[in-house]
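Please read the structure below before turning to the comments.
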Amino acid sequence: MFSAKESNDDRPRWAPPILTGDRLEAGLRTLELDVRRRLDGLMQGNHLGLVPGPGSEPGEARPYQPGDDVRRMDWAVTARTTEPHIRETVADRELETWVVADLSASLDFGTALCEKRDLVVCAMAAIAHLTGGGGNRIGAIVSTGAETRRIPARGGLAHARGLVRKVAETPRAVEGTRGDLPSAIEQLRRPPRRRGLVVVISDFLGGTEWQRPLRGLSARHELIAVEVLDPRDLDLPEVGTVVLADPESGRQREVHATPLLRKEFGAASRAHRAEVAAGIRRAGAGHLVLRTDSDWIADMVRFVVARKRGWSGGVA
């Protein structure tokens, strides 16, 4: 289990800052500096690569011209006129972003450089930075299972900083409290919100009931799912006898990590990860994976660059 007492000297420079106890204030300042320093190179366009540059509101149709993006072809007008037409889009100069932050008990766990909930805070800080400015607004739904908190969408640097702080200061759920990710996502569907960007940050452990409400958002919003993982979510080490605990039910079980058990655990984990990836893909969402043993900012940069290449027709 990750310990907040771990010395900074023992941590790689790219490791997330410690965001607990009396280190919270310094950790948040370090986090903001890291995000700005390493993500500012992606500042191209108003929305900095998390959403396409042109807005998604349909505009006028016009005849196709060489060099136009064929993905914007209006086939209905083309069929009526027998001449190729494309549909213009009206640029949306203000983006409203909503983040669903899952801070249920299964996120209060980490065996590498940080806990998974620390990566939730880091991802929140990066999203606030990548979507800030230009009249853009950001809000959040923060769920621990025991409590769901809604932070209204507003603009400005002070609000973004306060948002990240509120997520970081969210009290941990009592052991035995089950998370409710589907309910948190559902709060963004009713009442309908203006078209924008929705980011869901979770480890997506447990059931997959979140798939239906996530698909329900896809018709109106650009979607990104951020999956937060720890190495022990994927495999069991060779540790002999170990006590496994489910933080969301409180149940514990002592098992011996035999080669057969480790093999079955790994197979079940891979099957669940594949199911999560398929559910995210069916919802039409981008899928970003952050790990507690990996450079999370580098992973985010690769994700943003891949999305830009996808929009431009390149190979990600």
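Basis for what follows: all heavy atoms, side chains included, without hydrogens, waters or symmetry-related copies.
With sequence neighbours left out, the salt bridge (Lys or Arg N to Asp or Glu O under 4.0 Å) criterion links Arg149 to no other residue. Residues that satisfy the side chain to side chain donor-acceptor pair (under 3.5 Å) test with Arg212, not counting sequence neighbours, are absent from this structure.
Val121 and Val35 fall within the same hydrophobic cluster, defined by Ile, Leu, Val, Met, Phe, Trp and Tyr side-chain heavy atoms under 4.5 Å apart, directly or through other members. When hydrophobic clusters are built by joining Ile, Leu, Val, Met, Phe, Trp and Tyr residues whose side-chain heavy atoms come closer than 4.5 Å, directly or via intermediates, Leu95 is grouped together with Leu130.
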* Check the pair Asp233 / Arg291 against salt bridge (Lys or Arg N to Asp or Glu O under 4.0 Å), numbers first and verdict last. => CA-CA 10 Å; Asp233 292 333; Arg291 294 175 51 123; over 6 Å; no
* Full working for salt bridge (Lys or Arg N to Asp or Glu O under 4.0 Å) between Arg165 and Glu25 -> CA-CA 9 Å; Arg165 177 180 295 278; Glu25 189 68 33; 3.0 Å; yes
* To do: Just do the salt bridge (Lys or Arg N to Asp or Glu O under 4.0 Å) check on Arg307 and Glu222 with the steps written out, would you?
  => CA-CA 12 Å; Arg307 283 174 69 83; Glu222 185 83 12; 2.8 Å; yes
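When only modelled atom types and interatomic distance are considered, Asp299 and Ser294 share a side-chain donor-acceptor pair under 3.5 Å. Ser143 and Asp102 share no donor-acceptor pair across their side chains, judged by distance under 3.5 Å alone. Thr241 and His256 share a side-chain donor-acceptor pair at under 3.5 Å. Arg150 and Gln187 are not linked by any side-chain donor-acceptor pair at a separation below 3.5 angstrom, with hydrogens and angles left out of the test.
Just one of Leu205, Leu290, Ile201, Asp108 meets the side-chain contact (heavy atoms from CB on, under 4.5 Å) condition when paired with Lys116; it is Leu205.
Remark: the backbone N or O of Ala173 is not paired with any side-chain donor or acceptor of Thr177 at under 3.5 angstrom.
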